[in-house]
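Just below is one structure, and these are the notes that go with it.
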Amino acid sequence: MSCAFSLLESCHLPCSRYLSTTFRFSRGWYQMQRPIKHKTLCLCRNMQTFACELVKASYVPTPQTKPKDQSLAKVETIGAFQKLPMVMPSVDIFQSASRKAKRVLPTKGIANVAKRERNRGAKQLDALMKELAVPLRGYIENFPKRIYLHPYERSLIELTFGAGNYEEVLKKVDALRKKVVSVGKEHASLCAKSLSKKEAEERLTEGLEKLQEIFKCEGQAIDDLLYIAKTLRAMPVVDLEMPTLCLVGAPNVGKSSLVRLLSTGKPEVCNYPFTTRGILLGHITLDYQHFQVTDTPGLLKRCDEDRNNLEKLTLAVLSHLPTAILYVHDLSGQCGMSPSDQFMIYKEISERFGNHLWLDVISKCDLLKESPVVFITEDREVDHLELVKYRKIGPEGALHVSVKNEDGIDKLKKKVHELLMAQMERIKSKRIQDNIEVA
């Protein structure tokens, strides 16, 4: 009974009445020694249970959550490449692990020489195995799976390293880790079973050489992962919340020159096609507002199956990033592609990405003459009014600019600013709509 009343006294509920000096339980009547003022205690048949975890010697309720479904894992936003771990060269990993393993001493208090030597050998092999396996496991865990990346970054991985190569390198690194653990445990066990000091030393040497041989033969996977990490970290990070202007067009039409003029980006400018070897990012500041500008590789007149990775990179930007498009045309004949071919590319891209905000620009207008430029391969008698008009003045409403003479540049900057402000409104509207759908 004393235990029962101690439990009643420990309950911190608001005091409301005196409990009777006599309590009736299931097996009879029990008389109290004295009346005591107690707090009200309500006894219920239906009890609720909850889980607790021990935190600093006190139990804290823990919410019971359902197991996470890996298939519902959240897709990463852009910027996952900057979170990649630093990968050490395979040679440095082995040398560092070897130095740490050699400093491992046998357990103190072992008087027998043979026992002490086999203890030292087993501990050193185990230490070497762990020092090699732990960083490899860290790489496997911290390099993101491609299915959880943003679609744009997935495209970058595939177009930069080829289909499946990213996953293949990670599999090789994991296979190397498993082999190191298996061989390390095996030779540590053999060393621990040695019958003499000499045998223990031989087993230790054999184990060290075997691990070194494995790492030397299959360590190339780590160096490949190092190259992947360095390449991906160097990729420009596009802010999805910041309005972005993407320059698109055929090779050598003057996109890079316009990027240098409009933004802080400094792409290479040369008089040959495919100067831009990747996505180059710059920034524009207009009226104290910041915007992004991307320069993309040029597009050729051909179907998607025949396009190279540089062209596919341009299409990936337009497909997966919320950008406004500044399409650049060159009717002067200096880019190496006829206006007719440029017209065909322009029609294809405008139909595929017509939902993007759009601005057309005719570059190198200082080189244009009164008569249109006609290539030998073009049919002068072609009965296509839109194409004939395109050869003369380009698309309807296009701005004519010249980087060399700075003709039309001020008007271009004004139009670009208006385009980016419209893009900002699009981004805000989409964000509000996404929040409503989530709510």
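Sequential numbering from 1 along the given sequence is applied to the chain's residues. Nothing here was measured: the structure is a model prediction, and the numbers come from that model.
- Atom NZ of residue Lys364 and atom OG of residue Ser257 lie 7.5 Å apart, to the nearest 0.5 angstrom.
- Between Asp410 and Lys415 no salt bridge is recorded (no basic side-chain N to carboxylate O distance below 4.0 Å).
- In this structure, CG in Leu326 is found 8.5 Å from CG in Asp360, a value given to the nearest 0.5 Å.
- Just one residue in the list Thr323, Leu245, Leu281 forms a side-chain contact (heavy atoms from CB on, under 4.5 Å) with Gln292, and that residue is Leu281.
- Residues Gly249 and Tyr327 come closest through the heavy atom pair CA-CZ, 4.0 Å.
- Judged by distance alone, the side chain of Asn309 and the main-chain N or O of Leu159 form a donor-acceptor pair under 3.5 Å.
- In this structure, the side chains of Glu311 and Leu315 stay at 4.5 Å or more apart for every pair of heavy atoms.
- Of the possible polar contacts, none joining the Ser96 side chain to the Asp92 backbone as a donor-acceptor pair under 3.5 Å is found.
- Across all non-hydrogen atoms, the minimal contact from Val361 to Ala398 is N-CB, 4.5 Å.
- By the 30° and 60° cut-offs, the orientation of the rings of Tyr390 relative to His329 is perpendicular.
- In this structure, Asp341 pairs ionically with Lys301, as a charged nitrogen and a carboxylate oxygen lie closer than 4.0 Å.
- Judged purely by atom type and a 3.5 angstrom limit, Ser189 has no side-chain atom pairing as donor or acceptor with the backbone of Glu186.
- Within a 6.0 Å radius of CD in Gln82, other residues, nucleotides and ligands contribute more than 12 heavy atoms.
- Annotation: side chain of Gln289 is in contact with side chain of His417 (closest heavy-atom distance under 4.5 Å).
- A distance-only check finds no donor-acceptor pair linking the side chain of Arg118 to the backbone of Ala200 [under 3.5 Å].
- A perpendicular orientation is assigned to the rings of Tyr139 and Phe143, their planes being inclined by more than 60° (bins at 30° and 60°).
- Pairing each heavy atom of Ile93 with each of Pro135, the nearest pair is CG2-CG, 4.3 Å.
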- [ ] Output, in order, the C-alpha distance, side-chain angles, deciding distance and verdict of salt bridge (Lys or Arg N to Asp or Glu O under 4.0 Å) for Asp174 and Arg177.
- [x] CA-CA 5 Å; Asp174 194 36; Arg177 179 191 65 82; 3.0 Å; yes
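- The one candidate from Ile78, Thr244, Thr294 that meets the side-chain contact (heavy atoms from CB on, under 4.5 Å) condition with Leu321 is Ile78.
- The main-chain N or O of Tyr152 is found under 3.5 Å from a side-chain atom of His150 such that the two form a donor-acceptor pair.
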Open item on the list: Run the side chain to side chain contact (heavy atoms under 4.5 Å, CB included) test on Leu399 and Ile362 for me, step by step, so that the C-alpha distance in whole Å, both residues' side-chain angles and the decisive distance to 0.1 Å come before the verdict.
Closed with: CA-CA 6 Å; Leu399 296 178; Ile362 307 298; over 6 Å; no
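- No more than 12 heavy atoms of other residues, nucleotides or ligands lie within 6.0 Å of NZ in Lys179, so this atom counts as exposed by the packing criterion.
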Open item on the list: Met344 vs Arg302, test: side chain to side chain contact (heavy atoms under 4.5 Å, CB included). Steps then yes/no.
Closed with: CA-CA 10 Å; Met344 299 302 293; Arg302 49 189 173 186; over 6 Å; no
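- Nearest heavy-atom pair, Pro251 versus Cys335, reported as atom, atom and distance to 0.1 Å: O-CB, 3.6 Å.
- The heavy-atom pair separating Ala114 from Leu195 by the smallest distance is CB-O, 4.3 Å.
- Judged by distance alone, with hydrogens and angles left aside, the side-chain atoms of Arg203 form a donor-acceptor pair with the main-chain N or O of Leu190 at under 3.5 Å.
- Residues Asp330 and Ser363 have side chains that never bring a donor and an acceptor to within less than 3.5 angstrom of each other.
- Taking all atoms of both residues into account, the shortest heavy-atom contact from Val181 to Ala133 is CG2-CB, 3.7 Å.
- Put simply, NZ on Lys178 and CG on Leu136 are 12.5 Å apart, with the number rounded to the nearest 0.5 Å.
- You'll find the side chain of Asn112 stays beyond 4.5 Å of the side chain of Arg116, heavy atoms only.
- Outside the 6.0 Å centre-distance limit, the rings of Tyr166 and Phe161 are not counted as a close aromatic pair.
- Thr264 contributes a side-chain N or O that, together with a main-chain N or O of His283, makes up a donor-acceptor pair within less than 3.5 Å.
- Judged purely by atom type and a 3.5 angstrom limit, Thr314 uses its side chain to pair as donor or acceptor with the backbone of Pro297.
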